[in-house]
Protein chains: 2
Amino acid sequence: MSSPRRTTIYDVAREAGVAASTVSRALNNPRRVNPATREHVLAVAERLGYRPDPLATALQSGHKATIAMLVPDITNPHFFGTIRGAEKRASEAGLTFILANTEESADNERNQIERLSRSVDGFVLAASRMQEATTRELAREYNLVLVNRQVEGLPSAVVDNGAGSRQIVEHLASLGHRSLVYLSGPHRSWPAAQRWRALRAAAEAHGMTARRLGPFPPRVEGGGVAADAGLGAGATALVAHNDLLAIGVLRRLAERGVPVPGQVSVVGYDDIFGADLCAPALTTVAGPHEEAGRAAVELLTRKGSLSRSQPAPQQVVLSSHLVIRRSTGPAAR
Amino acid sequence: MSSPRRTTIYDVAREAGVAASTVSRALNNPRRVNPATREHVLAVAERLGYRPDPLATALQSGHKATIAMLVPDITNPHFFGTIRGAEKRASEAGLTFILANTEESADNERNQIERLSRSVDGFVLAASRMQEATTRELAREYNLVLVNRQVEGLPSAVVDNGAGSRQIVEHLASLGHRSLVYLSGPHRSWPAAQRWRALRAAAEAHGMTARRLGPFPPRVEGGGVAADAGLGAGATALVAHNDLLAIGVLRRLAERGVPVPGQVSVVGYDDIFGADLCAPALTTVAGPHEEAGRAAVELLTRKGSLSRSQPAPQQVVLSSHLVIRRSTGPAAR
DNA sequence: CAACATTTGGCAATCGCTTGTCATTCAACA
DNA sequence: TGTTGAATGACAAGCGATTGCCAAATGTTG
């Protein structure tokens, strides 16, 4: 199974005719060693196929070169972009990337953090379900960066759905809609609150009425009840918490023979893969989620190195925009 | 930032009035220590909130409790099921789950394996791009389990697209098709070869002619050329290497005003999220990919513990089946 | 050529935990 | 009561790296 034995710095040292500490210094503290010696050591290391053991290194130095990303639901296509961006950035930075599912549970999230804490340098928490207080408390002990959630005093990278939400309202208003219904996701969810706030404010600014229904499970299956509720409320425009829910809504409306956008317009959030495949193609708010993932990892790494010189944690905000497709149209009268 | 200092076995030992080694044994070698003492030590550990340091443990014992999964392209929805299954199983088994992207490159794959080798107990290689010889060679040094690829002598979990492929042919034959065209993925790809083999054999058995075109990039963007090529070949049935390609084909056909399934039937593989959203909904081969992910991790863990008693590596084969939707219909005459 | 400043390299401790070895204790047996 | 054997717990040596401290070597200057 595993090889007879791995090459250690001692092997390199012996082979190069120097002390182990010299090898170590040649490898990561270049100026402490003679360039010629360094060269030689490096050559020997190369020849012997030496690879430092990350565990031994981490045990001694505390630097794990590893980060973990916690996601409420790996299944949800919404996170793919974020995961991808984070993985990419981590890989570029030479960091090992641990991915863990928290199954939508705050407890689980906390447990994972504690379980992994010894193995990683920090955490990227995507759409964290934990309470603000808990998060803040954990942040005192661990390196945390939030994605798509803001907590004062903590670093975060979010896609601001405010802009997209305003664009939804402008779009709907220009199509003659006088009201809209927001089919909400979990009320606890930070983006849900953020979206609803922006929608309501923008609606008011445009003289439209806005109502919130729900919460609905933010998945395709949730679309059934959500659509029925929206229809029951006599809405001409349904803004779903996310694309998954919107797609479910679309399905239910098709089942009930309700023409979209003839009778009802439907809008989603996230622009997930599939949003432009469904019929009718979904009008939705797209955001640079991959970018958010990258930014979060960036914040995490920066935080570690500059910890002292950078007292104010950064809050990266990325802007979103509306992608108009086929599921929205002039208000029925 | 990081806490003042973590609780170690020494803290526990002191507090419990025993030696550190006793604490260690109480924790993982129960029979070597008096039940009463053990009880006491455990209680103290609990009270002090002691958590073993995985790195220190791993450094000493070699048991990392961590596995890595290497995927050619995190972006590809095809892998989501497999990733999810693997992550779940790993989490259930108390294993830390590392996810890495290999960017479709065999070299990258190999590098990642070597880079991570010291940090993990084994690897799950999804749709590995490496040559058989390379894979075998690496398998002598590292714990590998393949997913959706088989190499003799190595453990693997695959979704057998043979069954699904035969069902495609039966389905098409029953609809009166006399020929089919396989729009191939990368010729190097193991599933591509497997699919084509099964399609050709089944076609022959049904007196149909089968042709292979390509390779095409197995992504939506590849659909353009693939569709044109298929049309050029005068096909009545296009079997695309995967759903992504099939969706691209569908798009191109729509663009060109070719009715589906009126003039041409289209079939995909994988049944990814979105396959039933597109218009027309895609007929495709679905397989238990999540199951394959689970199985792979299972094989990996089993392999580690029973290494000696289980000389013959297991090859798990899971069956696939055709999901008939709207993109296939009677052959145009 | 002597004396001093500056590099450069080696020794040994340490990170937190596991584990082989050995001394001690205690029970049971003759 | 003396002897043997099984249990039990303490000691100490690593696992593979980093790093503070000091000695040796080198170069520079008067």
Peer 1: Name the nucleic acid region contacted by A/S24, choosing base, sugar-phosphate or nothing; use a 4.0 angstrom heavy-atom cut-off, strictly under.
Peer 2: base
Peer 1: Given atom CZ of B/R38 and atom C1' of D/dA7, what is their separation to the nearest angstrom?
Peer 2: 17 Å
Peer 1: Would you say a side-chain N or O of A/N34 is under 4.0 Å from OP1 or OP2 of C/dG9?
Peer 2: no
Peer 1: Tell me what B/T8 touches on the nucleic acid: a base, only sugar-phosphate, or nothing, going by heavy atoms under 4.0 Å.
Peer 2: sugar-phosphate
Peer 1: For the residue pair A/Q150 and A/L146, establish whether any side-chain heavy-atom pair is separated by less than 4.5 Å.
Peer 2: no
Peer 1: Give the nucleotide from the list D/dT18, C/dG16, D/dC21 with an atom nearest to the side chain of B/D53.
Peer 2: C/dG16
Peer 1: Would you kindly give the CD-to-C1' distance between A/E39 and C/dT8, to the nearest whole Å?
Peer 2: 17 Å
Peer 1: Looking at B/T22, does any N or O in its side chain come under 4.0 Å of the phosphate oxygens OP1/OP2 on D/dA10?
Peer 2: yes
Peer 1: Look at atom CZ of B/R188 and say whether more than 12 heavy atoms of other residues, nucleotides or ligands are closer to it than 6.0 Å.
Peer 2: no
Peer 1: Rounded to the nearest Å, what distance is computed from the CZ atom of residue B/R51 to the C1' atom of nucleotide C/dC17?
Peer 2: 17 Å
Peer 1: How many whole angstroms separate atom NZ of A/K64 from atom P of C/dC15?
Peer 2: 15 Å
Peer 1: What's A/V18 touching, base or sugar-phosphate or nothing? Going by heavy atoms closer than 4.0 Å.
Peer 2: sugar-phosphate
Peer 1: Between C/dG20 and B/R25, counting only base atoms on the nucleotide and side-chain atoms on the residue, is there a donor-acceptor pair under 3.5 Å?
Peer 2: yes
Peer 1: Can a side chain N or O of A/Y50 be found less than 4.0 Å away from OP1 or OP2 on D/dA17?
Peer 2: yes
Peer 1: Quick one: B/R118 CZ to D/dC15 C1', roughly how many Å, whole number?
Peer 2: 11 Å
Peer 1: Got a salt bridge between B/E87 and B/R84, using NZ or NE/NH1/NH2 to carboxylate O under 4.0 Å?
Peer 2: no
Peer 1: Do A/Q60 side-chain and D/dG16 base share a donor-acceptor contact under 3.5 Å?
Peer 2: no
Peer 1: So, A/Q194 and A/D160: side-chain donor and acceptor under 3.5 Å apart, yes or no?
Peer 2: yes
Peer 1: Enter the inter-axis angle for the ends of the helix from C/dC1-D/dG30 to C/dA30-D/dT1 (five pairs per end, rounded to 10°).
Peer 2: 50°
Peer 1: Can a salt bridge be assigned to the pair A/E114 and A/R110 using a cut-off of 4.0 Å between side-chain N and carboxylate O?
Peer 2: yes
Peer 1: Please give, in whole Å, the distance from D/dT18 P to B/L55 CG?
Peer 2: 14 Å
Peer 1: Which comes earlier along DNA chain C counting from the 5' end, the contact point of B/S21 or that of B/L59, where each point is its nearest nucleotide?
Peer 2: B/L59
Peer 1: How many whole angstroms separate atom CZ of A/R6 from atom P of D/dG16?
Peer 2: 10 Å
Peer 1: If only side-chain N and O atoms count, and only distance matters, is there a donor-acceptor pair under 3.5 Å linking A/S105 with A/D107?
Peer 2: no
Peer 1: Please determine if B/R136 and B/E132 form a salt bridge, counting it only when a charged side-chain N lies under 4.0 Å from a carboxylate O.
Peer 2: yes
Peer 1: Using heavy atoms to find the nearest nucleotide of DNA chain D for A/I9 and B/A20 separately, return the residue whose nucleotide is more 5′.
Peer 2: B/A20
Peer 1: So, B/E109 and B/S128: side-chain donor and acceptor under 3.5 Å apart, yes or no?
Peer 2: yes
Peer 1: The side chain of A/A56 is closest to which nucleotide in this list: C/dT18, C/dG16, D/dG16?
Peer 2: D/dG16
Peer 1: Using atom NE2 of A/H63 as one end and atom P of D/dA17 as the other, report the distance to the nearest whole Å.
Peer 2: 16 Å
